[in-house]
Amino acid sequence: MKLVIKEKDKKPREIDLERKAYVIGRDAACDIIISDNRVSSRHLFLTPRGEGWWVRDLGSTNGTFINGRQVSVSPLREGDVLKIGHTILTLGIPPSSVPRASSPTQLTTRVEIVPSPPSTLEEAKKVHRHLEVLCEVSRVLNSLLTVKEALQKTMDLIFQVLRADRGVIFLEDNGTLKITAERRRSDDVSPLQISHSIVDEVFKGEESVLTSDAMEDTRFRNRASVVSSHIHSAMCVPLKGKERNLGVIYVDTLLSKGAFQEEDLELLTVIGHQAGMAIENAHLYEENLKREKLAGIGMAIAGMAHYVKNIIQGLKGGGTLVDLGMNEKKPVLLQKGWEVVKRAVARIEDLIMNMLTYSKEREPVKKPTQLNELIKEILELFQVKLKEHKILVEANLDPEINEVMIDSQAIHRAILNLLTNAIEAVEENGKITFSTSRVPRGIEIKVSDTGKGIPKDILPQLFTPFTSGKGMEGTGLGLAVTHKIIQEHGGEIRVESKINRGTTFTIFLPFTS
């Protein structure tokens with residue numbers, strides 16, 4: 001299997017993939033190196049799973065996209081468009097067609113149709129339409145992530161390509177077929193009456209069924225459900241997963257006999273096979289997502305428990321000093337204990353604010369803001385702490401930057417988090433530098449320190465929640481919150497760091513009206 005890589009302004013290159021995991025990114029240590037500056041140092045994992053390949057984003061700054069949709073973990077199929085930064089990667093050659101099988105029940109999800117040469121212009125148009133439809137089916141259904149989306153898109157495709165009045169998708173649930181999606185062309189809202197005779201026949205036999213006139217068809221004409229529903233032309237096909245039948249797709253028309261032809265059954269059968277695979281993949285994705293969330297929650301709770309425990313210890317220690325100062329009437333001990341308590345309370349407040357900011361989806365409330373003044377205000381808040389740690393602060397703020405449209409409260413918190421990190425990283429007599437400057441299409445804010453730097457193994461996950469390089473001293477939420485705020489503003493944040501030489505965070509905020 002080949003991986004085709006097309007970087008901006010470069011010729012495509014091909015890599016023969018072995019059945020092993022690959023790290024893809026800008027770092028020279030990656031298995032596949034991309035020079036695109038919008039690609040993170042360690043951007044994603046490409047790993048074999050079963051007979052296919054899966055992609056896992058490694059907390060990249062600009063995200064990973066498959067067929068235009070941002071993903072964290074997703075299968076990658078032959079022909080999918082994988083985009084990172086300005087770079088496009090494809091697995092093999094995208095399929096341009098799907099095969100015609102000898103009968104509807106033999107159709108598979110990835111085959112190639114080689115139709116006989118058309119004898120008339122009308123037949124040629126029909127073949128072309130079939131190929132277009134099948135390619136669209138493959139493209140749409142192979143790019144979905146959830147069962148709900150798969151069902152919705154399947155219905156959309158059916159009503160785009162078939163003259164159906166009604167359509168229903170049944171999925172098997174503990175031995176019973178249940179309606180999971182339905183659609184009708186009219187505005188009729190009365191309960192659907194579906195022929196379960198036809199549905200049961202297809203699900204049990206796993207073979208597609210077409211009837212031009214169900215009420216005259218010898219297979220169904222004596223079935224009460226067919227007669228009561230006044231069904232004329234109907235089709236029903238299995239939803240085929242990889243190893244079992246997941247359910248059926250049923251469509252019919254109540255107005256005319258012979259509305260559906262054999263070619264329509266073939267199209268619906270292909271849709272059924274593709275939809276079955278999409279639903280199966282969606283189930284797999286959702287199960288993996290649940291497992292990852294549970295694992296993440298467990299790690300978060302463990303990390304938070306240690307952090308809160310440390311704060312409680314600080315409160316207890318400060319409380320002990322306060323009690324001692326009061327009992328022995330020593331103001332010095334009382335003052336010292338109270339300072340410890342205040343610091344612990346401030347850490348709790350900071351923790352809660354970060355948790356609230358990260359957990360809540362919100363649109364920035366942008367107002368004209370003096371960015372330089374905002375930074376000066378933050379530095380004034382930390383003036384005492386900076387003097388205590390003997391840290392020199394340098395502010396190189398571009399005087400030409402006037403008002404910018406930002407959510408001042410959110411950006412205040414984002415920069416505050418960066419300053420807090422810098423203070424904790426810098427030793428006595430260290431230096432922190434703030435700078436602002438105009439760049440094409442926006443403004444850059446840089447926060448640099450001369451601290452101990454960030455280890456390489458932590459850098460790829462730096463903006464992931466509950467990832468911290470401070471051990472038990474940090475929650476791992478501060479940078480995740482900052483990253484989220486900058487993304488909400490349509491900007492981006494980058495980090496460069498060298499051990500024992502320091503770290504620089506660069507925020508880009510686009511000009512907005």
Side-chain angles (χ1 to χ4, degrees), residues 100-109 130 133-134 137 141 147 150-173 175-186 191-241 244-280:
R100 179 187 300 275
S102 57
S103 69
T105 57
Q106 294 173 353
L107 288 173
T108 57
T109 56
H130 279 206
V133 168
L134 295 176
V137 168
L141 292 182
V147 174
L151 295 170
Q152 180 66 40
K153 290 295 184 182
T154 299
M155 277 300 185
D156 290 345
L157 288 165
I158 289 170
F159 275 74
Q160 283 173 24
V161 302
L162 296 173
R163 293 169 294 173
D165 290 323
R166 312 183 307 172
V168 180
I169 297 177
F170 293 83
L171 289 183
E172 187 268 337
D173 182 14
T176 304
L177 286 175
K178 294 185 177 179
I179 295 177
T180 53
E182 63 178 73
R183 179 80 59 84
R184 25 186 144 192
R185 205 172 288 278
S186 71
L192 280 175
Q193 289 184 313
I194 300 298
S195 171
H196 286 274
S197 304
I198 299 175
V199 169
D200 292 340
E201 182 91 10
V202 171
F203 183 69
K204 291 173 183 176
E206 297 189 14
E207 291 186 4
S208 301
V209 165
L210 163 65
T211 175
S212 297
D213 189 346
M215 289 187 287
E216 294 298 325
D217 195 316
T218 56
R219 295 170 294 178
F220 310 113
R221 67 184 178 191
N222 295 324
R223 306 289 177 87
S225 58
V226 172
V227 176
S228 63
S229 300
H230 302 289
I231 295 167
H232 288 295
S233 201
M235 293 189 295
C236 193
V237 302
L239 271 171
K240 286 276 196 168
R244 68 184 184 91
N245 195 13
L246 306 178
V248 299
I249 300 175
Y250 171 92
V251 298
D252 68 21
T253 175
L254 309 179
L255 300 177
S256 59
K257 299 177 183 179
F260 299 131
Q261 305 297 323
E262 193 68 31
E263 65 193 48
D264 296 317
L265 184 65
E266 290 183 7
L267 280 175
L268 188 60
T269 302
V270 171
I271 292 174
H273 282 241
Q274 291 276 17
M277 295 295 288
I279 290 167
E280 214 166 48

Check your understanding: For the residue pair Val202 and Pro238, what are the closest heavy atoms and their distance?
Key -> CG1-N, 3.7 Å
Review point. Can you list the residues that meet the side-chain contact (heavy atoms from CB on, under 4.5 Å) rule with Arg244, with sequence neighbours excluded?
Key: Glu172, Leu246
Review point. Just how far is it from atom CG of Leu177 to atom CG of Asp200, taken to the nearest 0.5 Å?
Key: 6.5 Å
Practice item. With rounding to the nearest 0.5 Å, note down the distance linking CD1 in Ile249 to OG1 in Thr154. Key: 6.0 Å
Review point. If you take all heavy atoms of Gly167 and Val251, which pair is closest and at what distance?
Key: CA-CG1, 4.0 Å
Exercise for review: Could you grab the distance from atom CD1 of Ile169 to atom CG of Leu151, nearest 0.5 Å is fine?
Suggested key: 5.0 Å
Study note, to complete from the structure: Rounding to 0.5 Å, atoms CG (Leu239) and CD1 (Ile279) come to a distance of 5.0 Å
Revision key, fill the gap. In short, Phe159 meets Ala164 closest at the heavy-atom pair CE2-O, 3.5 Å
Study note, to complete from the structure: Separation between CE (Met155) and CD (Glu182), nearest 0.5 Å, reads 7.5 Å
Point to revise | Derivation and outcome, side chain to side chain contact (heavy atoms under 4.5 Å, CB included), residues Met235 and Leu162 | key: CA-CA 11 Å; Met235 293 189 295; Leu162 296 173; 3.8 Å; yes
Check your understanding: Between Asp156 and Arg183, is any pair of side-chain heavy atoms under 4.5 Å apart?
Key -> yes
Check your understanding: Who pairs with Lys204 by side chain to side chain donor-acceptor pair (under 3.5 Å), at least two apart in sequence or on another chain?
Key -> none
Practice item. Decide side chain to side chain contact (heavy atoms under 4.5 Å, CB included) for Val161 and Ile271; before the verdict, give the C-alpha distance in whole Å, the side-chain angles of both, and the deciding distance to 0.1 Å. Key: CA-CA 11 Å; Val161 302; Ile271 292 174; 4.2 Å; yes
Check your understanding: At what distance, to the nearest 0.5 angstrom, does NE2 of His273 lie from CG of Leu268?
Key -> 10.0 Å
Study note, to complete from the structure: Tightest non-hydrogen contact, residues Gly272 and Val237, listed as CA-CG2, 4.3 Å
Exercise for review: Can you see which heavy atom on Ala234 is nearest to which on Tyr250, and at what distance?
Suggested key: CB-OH, 4.1 Å
